[in-house]
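Worksheet for the structure shown next.
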Amino acid sequence: MSVLLRSFSTAAATAVAVSTFSSPSSSSALSVAALLISCRSLRSLEQIHARIIRKGLEQHPVIATRFLSFCAAFSAPAYASSAFDRLSAPNLIVWNALLAAHARHSPLPTTVALFNLLRRRCSLPPDAFTFPSLLSSCSHSVALSLGSSVHATILRCGLEADVFVRTALIDFYGNSGDLASARSLFDEMPKRNVVTWNAMIDGYVKSGDLVTARQIFDKMPERNAVSYTSLIDGYAKAGDLASARVLFEQLPERDVFSWSAMISGYAQNGQPGAALKIFLEMYNQNIKPDEFVVVGLMSACSQLGSLTLAKWVDLYVTRSSIDLSKAHVLAASIDMNSKCGNMERAASLFESMPNKDLISYCSLMQGYSLHGAGDKAMGLFRQMLEEGLMPDSITFTVVLAACSRAGLVEEGRQCFDLMTNEHLIVPSPDHYACMVDLLGRAGRLTEAYELIRSMPVEPHAGAWGALLGACRIHGDISLGETIARKLFEIEPTNAGNYVLLSNIYAVADRWADVSELRTLMRGKGIRKVPGFTWI
DNA sequence: TTAGGGTTAG
(Lines give C-alpha, C1' and ligand atoms only; values in the text may rest on other atoms or scores of the structure.)
Protein backbone atom coordinates (compact mmCIF):
# COMPACT_ATOMS: atom_id res chain seq x y z
CA MET A 1 0.00 0.00 0.00
CA SER A 2 2.70 2.43 1.00
CA VAL A 3 4.77 1.53 -2.06
CA LEU A 4 1.78 2.08 -4.27
CA LEU A 5 1.12 5.39 -2.60
CA ARG A 6 4.72 6.48 -3.01
CA SER A 7 4.93 5.58 -6.66
CA PHE A 8 1.57 7.24 -7.23
CA SER A 9 2.73 10.44 -5.58
CA THR A 10 6.00 10.48 -7.61
CA ALA A 11 4.09 9.91 -10.81
CA ALA A 12 1.62 12.58 -9.84
CA ALA A 13 4.41 15.02 -9.05
CA THR A 14 5.95 14.37 -12.48
CA ALA A 15 2.60 14.80 -14.19
CA VAL A 16 2.02 18.06 -12.37
CA ALA A 17 5.51 19.32 -13.16
CA VAL A 18 5.10 18.58 -16.86
CA SER A 19 1.53 19.79 -17.18
CA THR A 20 2.19 22.96 -15.19
CA PHE A 21 5.15 23.77 -17.40
CA SER A 22 3.83 26.66 -19.34
CA SER A 23 6.05 27.78 -22.09
CA PRO A 24 6.42 31.56 -22.23
CA SER A 25 5.27 31.28 -25.80
CA SER A 26 4.98 28.19 -27.92
CA SER A 27 6.43 30.01 -30.89
CA SER A 28 9.70 30.70 -29.06
CA ALA A 29 9.89 27.00 -28.11
CA LEU A 30 9.41 26.11 -31.75
CA SER A 31 12.05 28.55 -32.95
CA VAL A 32 14.59 27.22 -30.43
CA ALA A 33 13.78 23.64 -31.43
CA ALA A 34 14.42 24.61 -35.04
CA LEU A 35 17.68 26.28 -34.06
CA LEU A 36 18.82 23.09 -32.34
CA ILE A 37 18.21 21.03 -35.46
CA SER A 38 20.52 23.24 -37.48
CA CYS A 39 23.20 23.22 -34.77
CA ARG A 40 26.55 22.07 -36.21
CA SER A 41 29.11 22.60 -33.44
CA LEU A 42 29.52 22.60 -29.69
CA ARG A 43 30.16 26.35 -29.86
CA SER A 44 26.80 27.01 -31.46
CA LEU A 45 25.14 24.55 -29.05
CA GLU A 46 26.43 26.70 -26.18
CA GLN A 47 24.95 29.80 -27.79
CA ILE A 48 21.62 28.06 -28.24
CA HIS A 49 21.78 26.91 -24.61
CA ALA A 50 22.17 30.53 -23.50
CA ARG A 51 19.10 31.44 -25.52
CA ILE A 52 17.13 28.51 -24.01
CA ILE A 53 17.87 29.85 -20.52
CA ARG A 54 17.11 33.47 -21.52
CA LYS A 55 13.72 32.51 -22.88
CA GLY A 56 12.84 30.48 -19.79
CA LEU A 57 12.69 27.23 -21.79
CA GLU A 58 15.19 25.31 -19.67
CA GLN A 59 12.51 23.07 -18.12
CA HIS A 60 10.73 22.37 -21.41
CA PRO A 61 10.94 18.55 -21.70
CA VAL A 62 11.13 18.47 -25.49
CA ILE A 63 13.75 21.21 -25.71
CA ALA A 64 15.73 19.55 -22.90
CA THR A 65 15.66 16.19 -24.67
CA ARG A 66 16.79 17.62 -27.97
CA PHE A 67 19.49 19.59 -26.23
CA LEU A 68 20.80 16.42 -24.51
CA SER A 69 20.91 14.48 -27.75
CA PHE A 70 23.00 17.26 -29.31
CA CYS A 71 25.36 17.06 -26.34
CA ALA A 72 25.71 13.40 -27.24
CA ALA A 73 26.40 14.27 -30.87
CA PHE A 74 29.19 16.65 -29.87
CA SER A 75 30.70 14.23 -27.33
CA ALA A 76 29.88 16.43 -24.34
CA PRO A 77 28.44 14.13 -21.65
CA ALA A 78 29.49 16.42 -18.79
CA TYR A 79 27.67 19.31 -20.43
CA ALA A 80 24.60 17.09 -20.77
CA SER A 81 24.75 16.22 -17.07
CA SER A 82 25.11 19.82 -15.97
CA ALA A 83 21.99 20.79 -17.92
CA PHE A 84 20.10 17.70 -16.74
CA ASP A 85 20.90 18.45 -13.09
CA ARG A 86 18.97 21.69 -13.33
CA LEU A 87 15.77 19.96 -14.45
CA SER A 88 13.18 19.80 -11.70
CA ALA A 89 11.23 16.79 -12.99
CA PRO A 90 12.91 14.92 -15.84
CA ASN A 91 10.68 12.28 -17.45
CA LEU A 92 11.81 8.92 -18.79
CA ILE A 93 12.46 10.30 -22.28
CA VAL A 94 14.83 12.92 -20.88
CA TRP A 95 16.55 10.29 -18.72
CA ASN A 96 17.00 8.08 -21.78
CA ALA A 97 18.58 10.95 -23.72
CA LEU A 98 21.02 11.60 -20.88
CA LEU A 99 21.87 7.90 -20.60
CA ALA A 100 22.56 7.76 -24.34
CA ALA A 101 24.92 10.74 -24.13
CA HIS A 102 26.93 8.99 -21.42
CA ALA A 103 26.76 5.52 -22.96
CA ARG A 104 28.50 6.86 -26.05
CA HIS A 105 31.13 8.99 -24.37
CA SER A 106 31.62 8.09 -20.70
CA PRO A 107 33.27 5.09 -19.05
CA LEU A 108 30.96 2.13 -18.41
CA PRO A 109 30.79 2.58 -14.59
CA THR A 110 29.45 6.13 -15.08
CA THR A 111 26.77 4.85 -17.45
CA VAL A 112 25.80 2.03 -15.10
CA ALA A 113 25.60 4.42 -12.13
CA LEU A 114 23.33 6.64 -14.21
CA PHE A 115 21.12 3.69 -15.13
CA ASN A 116 20.77 2.78 -11.42
CA LEU A 117 19.90 6.39 -10.65
CA LEU A 118 17.26 6.31 -13.39
CA ARG A 119 15.66 3.24 -11.82
CA ARG A 120 15.53 4.89 -8.40
CA ARG A 121 14.53 8.39 -9.39
CA CYS A 122 12.38 8.04 -12.46
CA SER A 123 8.69 7.41 -11.85
CA LEU A 124 8.52 5.05 -14.84
CA PRO A 125 10.45 1.81 -15.27
CA PRO A 126 13.11 1.67 -18.04
CA ASP A 127 11.66 1.03 -21.50
CA ALA A 128 12.85 -0.23 -24.87
CA PHE A 129 14.70 3.06 -25.46
CA THR A 130 16.72 2.70 -22.27
CA PHE A 131 18.49 -0.60 -22.92
CA PRO A 132 20.12 -0.26 -26.34
CA SER A 133 22.50 2.46 -25.17
CA LEU A 134 23.28 0.64 -21.92
CA LEU A 135 24.01 -2.57 -23.86
CA SER A 136 26.13 -0.74 -26.39
CA SER A 137 28.28 0.55 -23.56
CA CYS A 138 28.64 -3.00 -22.14
CA SER A 139 29.55 -4.21 -25.62
CA HIS A 140 32.27 -1.60 -26.17
CA SER A 141 33.78 -2.39 -22.76
CA VAL A 142 33.36 -6.17 -23.31
CA ALA A 143 31.64 -6.34 -19.90
CA LEU A 144 30.44 -9.92 -20.14
CA SER A 145 28.78 -10.55 -16.80
CA LEU A 146 27.30 -7.07 -16.61
CA GLY A 147 25.82 -7.41 -20.09
CA SER A 148 24.31 -10.78 -19.18
CA SER A 149 22.66 -9.29 -16.11
CA VAL A 150 21.31 -6.45 -18.26
CA HIS A 151 19.90 -9.17 -20.53
CA ALA A 152 18.17 -10.72 -17.49
CA THR A 153 16.66 -7.34 -16.60
CA ILE A 154 15.45 -6.95 -20.19
CA LEU A 155 13.68 -10.33 -19.93
CA ARG A 156 12.07 -9.31 -16.62
CA CYS A 157 10.84 -6.10 -18.23
CA GLY A 158 9.48 -8.07 -21.17
CA LEU A 159 11.45 -6.02 -23.70
CA GLU A 160 13.43 -8.72 -25.53
CA ALA A 161 11.17 -8.58 -28.57
CA ASP A 162 11.95 -4.96 -29.40
CA VAL A 163 14.07 -4.80 -32.57
CA PHE A 164 16.47 -2.19 -31.19
CA VAL A 165 16.92 -4.04 -27.88
CA ARG A 166 17.47 -7.33 -29.66
CA THR A 167 19.93 -5.83 -32.14
CA ALA A 168 21.88 -4.36 -29.24
CA LEU A 169 21.88 -7.82 -27.59
CA ILE A 170 23.14 -9.44 -30.81
CA ASP A 171 25.89 -6.85 -31.02
CA PHE A 172 26.80 -7.42 -27.36
CA TYR A 173 27.06 -11.21 -27.66
CA GLY A 174 28.71 -11.04 -31.10
CA ASN A 175 31.28 -8.53 -29.89
CA SER A 176 31.93 -10.65 -26.72
CA GLY A 177 32.68 -13.72 -28.82
CA ASP A 178 29.48 -15.59 -27.89
CA LEU A 179 28.36 -16.16 -31.47
CA ALA A 180 25.99 -18.97 -30.46
CA SER A 181 23.89 -16.66 -28.27
CA ALA A 182 24.02 -13.90 -30.85
CA ARG A 183 22.96 -16.28 -33.61
CA SER A 184 20.03 -17.80 -31.73
CA LEU A 185 18.73 -14.32 -30.86
CA PHE A 186 19.12 -13.46 -34.56
CA ASP A 187 17.47 -16.62 -35.89
CA GLU A 188 14.44 -16.29 -33.61
CA MET A 189 13.65 -12.75 -34.66
CA PRO A 190 10.40 -12.24 -36.54
CA LYS A 191 11.50 -8.83 -37.82
CA ARG A 192 15.01 -7.59 -38.46
CA ASN A 193 16.32 -4.35 -39.80
CA VAL A 194 19.55 -3.68 -41.70
CA VAL A 195 21.37 -2.84 -38.46
CA THR A 196 20.44 -6.25 -37.02
CA TRP A 197 21.99 -7.98 -40.04
CA ASN A 198 25.07 -5.78 -39.83
CA ALA A 199 25.56 -6.53 -36.13
CA MET A 200 25.45 -10.26 -36.94
CA ILE A 201 27.94 -9.87 -39.81
CA ASP A 202 30.26 -7.88 -37.61
CA GLY A 203 30.11 -10.53 -34.89
CA TYR A 204 31.33 -13.17 -37.35
CA VAL A 205 33.97 -10.83 -38.79
CA LYS A 206 35.34 -10.07 -35.33
CA SER A 207 35.46 -13.77 -34.47
CA GLY A 208 37.40 -14.39 -37.70
CA ASP A 209 34.64 -16.46 -39.35
CA LEU A 210 34.57 -14.67 -42.69
CA VAL A 211 32.79 -17.53 -44.43
CA THR A 212 29.69 -17.28 -42.21
CA ALA A 213 29.91 -13.49 -42.25
CA ARG A 214 29.76 -13.67 -46.04
CA GLN A 215 26.78 -16.09 -45.94
CA ILE A 216 24.83 -13.61 -43.79
CA PHE A 217 25.86 -10.77 -46.12
CA ASP A 218 24.66 -12.70 -49.17
CA LYS A 219 21.29 -13.48 -47.52
CA MET A 220 20.52 -9.88 -46.52
CA PRO A 221 17.37 -8.44 -48.11
CA GLU A 222 19.03 -4.99 -48.34
CA ARG A 223 22.51 -3.75 -47.59
CA ASN A 224 24.01 -0.42 -46.70
CA ALA A 225 27.58 0.87 -46.63
CA VAL A 226 28.13 -0.56 -43.13
CA SER A 227 27.33 -4.08 -44.37
CA TYR A 228 30.01 -3.82 -47.06
CA THR A 229 32.59 -2.08 -44.92
CA SER A 230 32.44 -4.63 -42.08
CA LEU A 231 33.20 -7.37 -44.54
CA ILE A 232 35.79 -5.36 -46.50
CA ASP A 233 37.55 -4.65 -43.24
CA GLY A 234 37.45 -8.32 -42.30
CA TYR A 235 38.94 -9.43 -45.63
CA ALA A 236 41.59 -6.69 -45.51
CA LYS A 237 42.68 -7.58 -41.96
CA ALA A 238 42.91 -11.24 -42.99
CA GLY A 239 45.18 -10.21 -45.87
CA ASP A 240 42.64 -11.11 -48.56
CA LEU A 241 42.84 -7.80 -50.40
CA ALA A 242 41.43 -9.34 -53.58
CA SER A 243 38.08 -10.16 -51.94
CA ALA A 244 38.07 -6.82 -50.17
CA ARG A 245 38.63 -5.05 -53.47
CA VAL A 246 35.82 -6.87 -55.26
CA LEU A 247 33.33 -5.81 -52.57
CA PHE A 248 34.72 -2.30 -52.57
CA GLU A 249 34.14 -2.05 -56.32
CA GLN A 250 30.57 -3.33 -55.86
CA LEU A 251 29.76 -0.85 -53.08
CA PRO A 252 27.34 1.63 -54.62
CA GLU A 253 27.93 4.54 -52.27
CA ARG A 254 31.32 4.61 -50.63
CA ASP A 255 31.72 6.55 -47.45
CA VAL A 256 34.91 7.52 -45.65
CA PHE A 257 34.82 4.26 -43.65
CA SER A 258 35.01 2.12 -46.76
CA TRP A 259 37.80 4.21 -48.33
CA SER A 260 39.81 4.01 -45.15
CA ALA A 261 39.26 0.24 -44.86
CA MET A 262 40.87 -0.21 -48.30
CA ILE A 263 43.68 2.31 -47.78
CA SER A 264 44.76 0.97 -44.40
CA GLY A 265 44.17 -2.60 -45.61
CA TYR A 266 46.70 -2.17 -48.41
CA ALA A 267 49.09 -0.25 -46.16
CA GLN A 268 49.00 -2.90 -43.44
CA ASN A 269 49.63 -5.66 -45.95
CA GLY A 270 52.75 -4.07 -47.36
CA GLN A 271 51.17 -2.71 -50.54
CA PRO A 272 51.86 1.01 -50.16
CA GLY A 273 51.55 1.71 -53.89
CA ALA A 274 48.02 0.27 -54.01
CA ALA A 275 47.10 2.21 -50.85
CA LEU A 276 48.29 5.40 -52.48
CA LYS A 277 46.31 4.70 -55.65
CA ILE A 278 43.07 4.23 -53.68
CA PHE A 279 43.79 7.40 -51.77
CA LEU A 280 44.30 9.36 -54.99
CA GLU A 281 40.99 8.06 -56.30
CA MET A 282 39.34 9.30 -53.11
CA TYR A 283 41.17 12.60 -53.30
CA ASN A 284 40.04 13.16 -56.90
CA GLN A 285 36.43 12.62 -55.83
CA ASN A 286 36.83 15.46 -53.30
CA ILE A 287 35.95 13.23 -50.36
CA LYS A 288 37.03 14.66 -47.04
CA PRO A 289 39.52 12.33 -45.35
CA ASP A 290 39.31 11.49 -41.68
CA GLU A 291 42.09 10.61 -39.25
CA PHE A 292 42.00 6.89 -40.15
CA VAL A 293 42.46 7.64 -43.86
CA VAL A 294 45.36 9.92 -43.02
CA VAL A 295 47.02 7.33 -40.76
CA GLY A 296 46.75 4.75 -43.55
CA LEU A 297 48.15 7.23 -46.06
CA MET A 298 51.07 8.10 -43.80
CA SER A 299 51.81 4.44 -43.22
CA ALA A 300 51.91 3.86 -47.00
CA CYS A 301 54.12 6.89 -47.43
CA SER A 302 56.61 5.77 -44.80
CA GLN A 303 56.90 2.41 -46.56
CA LEU A 304 57.64 4.18 -49.83
CA GLY A 305 60.20 6.38 -48.09
CA SER A 306 59.67 9.32 -50.40
CA LEU A 307 60.50 12.70 -48.90
CA THR A 308 58.59 14.57 -51.63
CA LEU A 309 55.46 12.55 -50.92
CA ALA A 310 55.87 12.95 -47.14
CA LYS A 311 56.06 16.72 -47.53
CA TRP A 312 52.92 16.73 -49.65
CA VAL A 313 51.04 14.54 -47.14
CA ASP A 314 52.18 16.78 -44.29
CA LEU A 315 50.90 19.89 -46.03
CA TYR A 316 47.67 18.14 -47.02
CA VAL A 317 46.98 17.07 -43.42
CA THR A 318 47.83 20.51 -42.04
CA ARG A 319 45.34 22.08 -44.44
CA SER A 320 42.62 19.54 -43.63
CA SER A 321 40.45 19.68 -40.54
CA ILE A 322 42.15 16.63 -39.03
CA ASP A 323 43.34 16.99 -35.47
CA LEU A 324 47.09 16.40 -35.69
CA SER A 325 47.40 16.26 -31.91
CA LYS A 326 45.52 12.94 -31.70
CA ALA A 327 47.96 10.29 -30.50
CA HIS A 328 47.74 7.85 -33.42
CA VAL A 329 47.87 10.61 -36.05
CA LEU A 330 50.90 12.14 -34.39
CA ALA A 331 52.61 8.75 -34.11
CA ALA A 332 51.99 8.02 -37.80
CA SER A 333 53.27 11.46 -38.76
CA ILE A 334 56.45 11.11 -36.70
CA ASP A 335 57.02 7.68 -38.24
CA MET A 336 56.44 8.94 -41.79
CA ASN A 337 58.72 11.96 -41.43
CA SER A 338 61.40 9.83 -39.76
CA LYS A 339 61.41 7.12 -42.41
CA CYS A 340 61.32 9.67 -45.23
CA GLY A 341 64.22 11.65 -43.83
CA ASN A 342 62.48 14.80 -42.65
CA MET A 343 64.05 14.61 -39.21
CA GLU A 344 63.48 18.26 -38.30
CA ARG A 345 59.75 17.87 -38.77
CA ALA A 346 59.69 14.51 -36.97
CA ALA A 347 61.57 15.99 -34.01
CA SER A 348 59.33 19.04 -33.75
CA LEU A 349 56.21 16.86 -33.85
CA PHE A 350 57.77 14.68 -31.16
CA GLU A 351 58.53 17.71 -29.00
CA SER A 352 54.92 18.87 -29.32
CA MET A 353 53.70 15.71 -27.57
CA PRO A 354 52.75 16.30 -23.94
CA ASN A 355 52.97 12.59 -23.12
CA LYS A 356 55.57 10.91 -25.25
CA ASP A 357 55.01 7.19 -25.64
CA LEU A 358 57.20 4.24 -26.56
CA ILE A 359 56.02 4.14 -30.17
CA SER A 360 56.90 7.78 -30.82
CA TYR A 361 60.29 7.39 -29.18
CA CYS A 362 61.00 4.34 -31.32
CA SER A 363 59.88 6.08 -34.53
CA LEU A 364 62.17 9.02 -33.92
CA MET A 365 65.09 6.83 -32.79
CA GLN A 366 64.72 4.73 -35.91
CA GLY A 367 64.69 7.87 -38.05
CA TYR A 368 67.91 9.15 -36.53
CA SER A 369 69.45 5.73 -36.85
CA LEU A 370 68.47 5.34 -40.52
CA HIS A 371 69.81 8.77 -41.35
CA GLY A 372 73.20 8.42 -39.78
CA ALA A 373 72.63 10.07 -36.40
CA GLY A 374 73.15 7.13 -34.07
CA ASP A 375 74.30 9.39 -31.26
CA LYS A 376 71.01 11.29 -31.35
CA ALA A 377 69.13 8.00 -31.28
CA MET A 378 71.06 6.92 -28.20
CA GLY A 379 70.47 10.30 -26.55
CA LEU A 380 66.73 9.75 -27.07
CA PHE A 381 67.00 6.27 -25.61
CA ARG A 382 68.60 7.68 -22.45
CA GLN A 383 65.94 10.39 -22.26
CA MET A 384 63.28 7.69 -22.57
CA LEU A 385 64.72 5.72 -19.68
CA GLU A 386 64.99 8.88 -17.59
CA GLU A 387 61.32 9.58 -18.21
CA GLY A 388 60.57 6.19 -16.70
CA LEU A 389 59.28 4.50 -19.86
CA MET A 390 59.81 0.73 -19.98
CA PRO A 391 61.56 -0.32 -23.19
CA ASP A 392 60.13 -3.47 -24.80
CA SER A 393 61.57 -6.01 -27.23
CA ILE A 394 60.93 -3.80 -30.27
CA THR A 395 62.58 -0.80 -28.59
CA PHE A 396 65.76 -2.84 -28.16
CA THR A 397 65.66 -3.96 -31.77
CA VAL A 398 65.64 -0.28 -32.78
CA VAL A 399 68.33 0.66 -30.26
CA LEU A 400 70.67 -2.21 -31.16
CA ALA A 401 70.25 -1.49 -34.86
CA ALA A 402 71.13 2.15 -34.17
CA CYS A 403 74.29 1.09 -32.34
CA SER A 404 75.30 -1.26 -35.10
CA ARG A 405 74.78 1.31 -37.88
CA ALA A 406 76.74 3.92 -35.96
CA GLY A 407 79.48 1.49 -34.89
CA LEU A 408 78.77 2.07 -31.19
CA VAL A 409 80.16 -1.27 -30.02
CA GLU A 410 80.33 -0.63 -26.28
CA GLU A 411 76.91 1.04 -26.13
CA GLY A 412 75.47 -1.89 -28.07
CA ARG A 413 76.91 -4.41 -25.66
CA GLN A 414 75.60 -2.44 -22.69
CA CYS A 415 72.14 -2.27 -24.22
CA PHE A 416 72.15 -6.00 -24.86
CA ASP A 417 73.08 -6.59 -21.20
CA LEU A 418 70.46 -4.09 -20.03
CA MET A 419 67.85 -5.89 -22.08
CA THR A 420 68.66 -9.39 -20.88
CA ASN A 421 69.75 -8.75 -17.28
CA GLU A 422 67.60 -5.85 -16.15
CA HIS A 423 64.53 -5.98 -18.36
CA LEU A 424 64.57 -9.78 -18.57
CA ILE A 425 63.74 -9.75 -22.28
CA VAL A 426 64.67 -12.94 -24.11
CA PRO A 427 66.74 -11.90 -27.14
CA SER A 428 65.06 -12.63 -30.46
CA PRO A 429 66.87 -13.67 -33.66
CA ASP A 430 66.60 -9.99 -34.68
CA HIS A 431 68.42 -8.86 -31.54
CA TYR A 432 71.17 -11.39 -32.19
CA ALA A 433 71.40 -10.32 -35.81
CA CYS A 434 71.95 -6.71 -34.66
CA MET A 435 74.69 -7.81 -32.27
CA VAL A 436 76.39 -9.93 -34.91
CA ASP A 437 76.25 -6.99 -37.29
CA LEU A 438 77.61 -4.67 -34.59
CA LEU A 439 80.57 -6.91 -33.72
CA GLY A 440 81.22 -7.80 -37.35
CA ARG A 441 81.37 -4.20 -38.56
CA ALA A 442 83.78 -3.41 -35.73
CA GLY A 443 86.05 -6.13 -37.05
CA ARG A 444 85.44 -8.52 -34.17
CA LEU A 445 84.63 -11.33 -36.55
CA THR A 446 85.54 -14.20 -34.24
CA GLU A 447 83.39 -12.79 -31.43
CA ALA A 448 80.51 -12.32 -33.85
CA TYR A 449 80.89 -15.87 -35.12
CA GLU A 450 80.98 -17.22 -31.55
CA LEU A 451 77.83 -15.27 -30.71
CA ILE A 452 75.94 -16.62 -33.71
CA ARG A 453 77.00 -20.18 -32.85
CA SER A 454 76.01 -19.81 -29.20
CA MET A 455 72.49 -18.55 -30.00
CA PRO A 456 69.80 -20.57 -28.22
CA VAL A 457 67.41 -19.79 -31.10
CA GLU A 458 67.94 -20.64 -34.77
CA PRO A 459 69.73 -17.69 -36.40
CA HIS A 460 67.96 -16.35 -39.48
CA ALA A 461 69.61 -15.49 -42.77
CA GLY A 462 69.86 -11.84 -41.71
CA ALA A 463 72.35 -12.69 -38.95
CA TRP A 464 74.53 -14.79 -41.27
CA GLY A 465 74.22 -12.17 -43.97
CA ALA A 466 75.40 -9.45 -41.59
CA LEU A 467 78.45 -11.54 -40.74
CA LEU A 468 79.20 -12.25 -44.39
CA GLY A 469 79.03 -8.52 -45.07
CA ALA A 470 81.49 -7.96 -42.23
CA CYS A 471 83.84 -10.58 -43.70
CA ARG A 472 83.83 -8.64 -46.96
CA ILE A 473 84.60 -5.33 -45.21
CA HIS A 474 87.46 -6.88 -43.23
CA GLY A 475 88.66 -9.22 -45.96
CA ASP A 476 88.36 -12.46 -43.99
CA ILE A 477 88.28 -15.01 -46.81
CA SER A 478 88.17 -18.27 -44.88
CA LEU A 479 85.38 -17.24 -42.46
CA GLY A 480 83.58 -15.65 -45.42
CA GLU A 481 83.63 -18.97 -47.27
CA THR A 482 82.25 -20.83 -44.22
CA ILE A 483 79.43 -18.33 -43.71
CA ALA A 484 78.60 -18.19 -47.42
CA ARG A 485 78.27 -22.00 -47.60
CA LYS A 486 75.85 -21.79 -44.65
CA LEU A 487 73.87 -19.07 -46.44
CA PHE A 488 73.77 -20.97 -49.74
CA GLU A 489 71.98 -23.74 -47.79
CA ILE A 490 69.48 -21.43 -46.03
CA GLU A 491 68.61 -19.27 -49.01
CA PRO A 492 69.98 -20.94 -52.14
CA THR A 493 68.43 -18.43 -54.55
CA ASN A 494 69.51 -15.17 -52.91
CA ALA A 495 71.92 -13.64 -55.39
CA GLY A 496 73.21 -11.17 -52.80
CA ASN A 497 75.09 -13.87 -50.90
CA TYR A 498 76.90 -15.06 -54.05
CA VAL A 499 77.76 -11.48 -54.92
CA LEU A 500 79.16 -10.81 -51.44
CA LEU A 501 81.43 -13.85 -51.55
CA SER A 502 82.46 -12.99 -55.09
CA ASN A 503 83.44 -9.49 -53.86
CA ILE A 504 85.47 -11.03 -51.05
CA TYR A 505 87.41 -13.08 -53.63
CA ALA A 506 87.81 -10.09 -55.91
CA VAL A 507 89.36 -7.90 -53.21
CA ALA A 508 91.90 -10.67 -52.58
CA ASP A 509 92.59 -10.94 -56.36
CA ARG A 510 91.29 -14.54 -56.38
CA TRP A 511 89.80 -14.23 -59.86
CA ALA A 512 89.64 -17.95 -60.45
CA ASP A 513 87.30 -18.29 -57.46
CA VAL A 514 85.22 -15.35 -58.69
CA SER A 515 84.77 -17.00 -62.06
CA GLU A 516 83.94 -20.38 -60.48
CA LEU A 517 81.27 -18.72 -58.34
CA ARG A 518 79.76 -17.07 -61.43
CA THR A 519 79.60 -20.43 -63.15
CA LEU A 520 77.89 -21.88 -60.05
CA MET A 521 75.32 -19.05 -60.13
CA ARG A 522 74.65 -19.57 -63.82
CA GLY A 523 74.30 -23.30 -63.23
CA LYS A 524 71.65 -22.68 -60.58
CA GLY A 525 69.91 -20.11 -62.75
CA ILE A 526 70.53 -17.28 -60.27
CA ARG A 527 70.77 -13.78 -61.67
CA LYS A 528 71.83 -10.68 -59.85
CA VAL A 529 68.77 -8.50 -59.27
CA PRO A 530 69.43 -4.94 -60.38
CA GLY A 531 69.55 -2.32 -57.65
CA PHE A 532 66.08 -1.42 -56.52
CA THR A 533 64.79 1.46 -54.48
CA TRP A 534 61.49 3.27 -53.99
CA ILE A 535 63.16 6.62 -53.54
C1' DT B 1 -3.54 11.06 -26.74
C1' DT B 2 1.50 17.33 -30.17
C1' DA B 3 6.59 17.41 -29.79
C1' DG B 4 11.49 14.76 -27.57
C1' DG B 5 14.86 9.47 -26.38
C1' DG B 6 17.48 3.79 -28.62
C1' DT B 7 20.98 -0.45 -32.02
C1' DT B 8 25.79 -1.62 -36.38
C1' DA B 9 31.98 -0.22 -38.66
C1' DG B 10 38.35 1.79 -37.24
Expressed as a whole number of angstroms, how long is the span from [X]:[atom1] to [N]:[atom2]?
{"X": "A:Ile322", "N": "B:dG10", "atom1": "CD1", "atom2": "P", "value": "19 Å"}
{"X": "A:Glu160", "N": "B:dT7", "atom1": "CD", "atom2": "C1'", "value": "15 Å"}
{"X": "A:Lys326", "N": "B:dG10", "atom1": "NZ", "atom2": "P", "value": "16 Å"}
{"X": "A:Asn198", "N": "B:dT7", "atom1": "CG", "atom2": "C1'", "value": "11 Å"}
{"X": "A:Leu185", "N": "B:dT7", "atom1": "CG", "atom2": "P", "value": "18 Å"}
{"X": "A:Leu124", "N": "B:dG4", "atom1": "CG", "atom2": "P", "value": "18 Å"}
{"X": "A:Ile232", "N": "B:dT8", "atom1": "CD1", "atom2": "P", "value": "20 Å"}
{"X": "A:Asp171", "N": "B:dA9", "atom1": "CG", "atom2": "P", "value": "6 Å"}

Side-chain N,O ([X]) to OP1/OP2 ([N]) below 4.0 Å:
{"X": "A:Lys206", "N": "B:dG10", "answer": "yes"}
{"X": "A:His60", "N": "B:dT2", "answer": "no"}
{"X": "A:Ser136", "N": "B:dT8", "answer": "yes"}

Please confirm whether A:Phe186 and A:Trp197 have ring centers closer than 6.0 angstrom. yes
Please verify the inter-ring angle class for A:Tyr316 with A:Trp312; under 30° counts as parallel, over 60° as perpendicular, anything in between as tilted. parallel
[options]: which one has an atom nearest the side-chain heavy atoms of [X]?
{"X": "A:Ser230", "options": "B:dA9, B:dT7, B:dG4", "value": "B:dA9"}
{"X": "A:Val226", "options": "B:dA9, B:dT7, B:dG4", "value": "B:dA9"}
{"X": "A:Phe257", "options": "B:dG10, B:dG4, B:dG6", "value": "B:dG10"}
{"X": "A:Thr65", "options": "B:dG4, B:dG10, B:dG6", "value": "B:dG4"}
{"X": "A:Thr229", "options": "B:dA9, B:dG4, B:dT7", "value": "B:dA9"}
{"X": "A:Asp233", "options": "B:dG4, B:dG10, B:dG6", "value": "B:dG10"}
{"X": "A:His140", "options": "B:dG4, B:dG6, B:dA9", "value": "B:dA9"}
{"X": "A:Phe129", "options": "B:dT8, B:dG4, B:dG6", "value": "B:dG6"}
{"X": "A:Val94", "options": "B:dG6, B:dG4, B:dT7", "value": "B:dG4"}

Salt bridge flag under 4.0 Å for residues [X] and [Y]:
{"X": "A:Arg166", "Y": "A:Glu188", "value": "no"}
{"X": "A:Glu249", "Y": "A:Arg245", "value": "yes"}
{"X": "A:Glu387", "Y": "A:Lys356", "value": "no"}
{"X": "A:Arg51", "Y": "A:Glu46", "value": "no"}

A:Asp255 near the nucleic acid: base, sugar-phosphate alone, or nothing, with a heavy-atom cut-off under 4.0 Å? base
Could a donor-acceptor pair under 3.5 angstrom be found where the side chain of A:Ser260 meets the base of B:dG10? yes
Record whether the side chain of A:Asp290 comes under 3.5 Å of the base of B:dG10 through a donor-acceptor pair of N or O atoms. yes
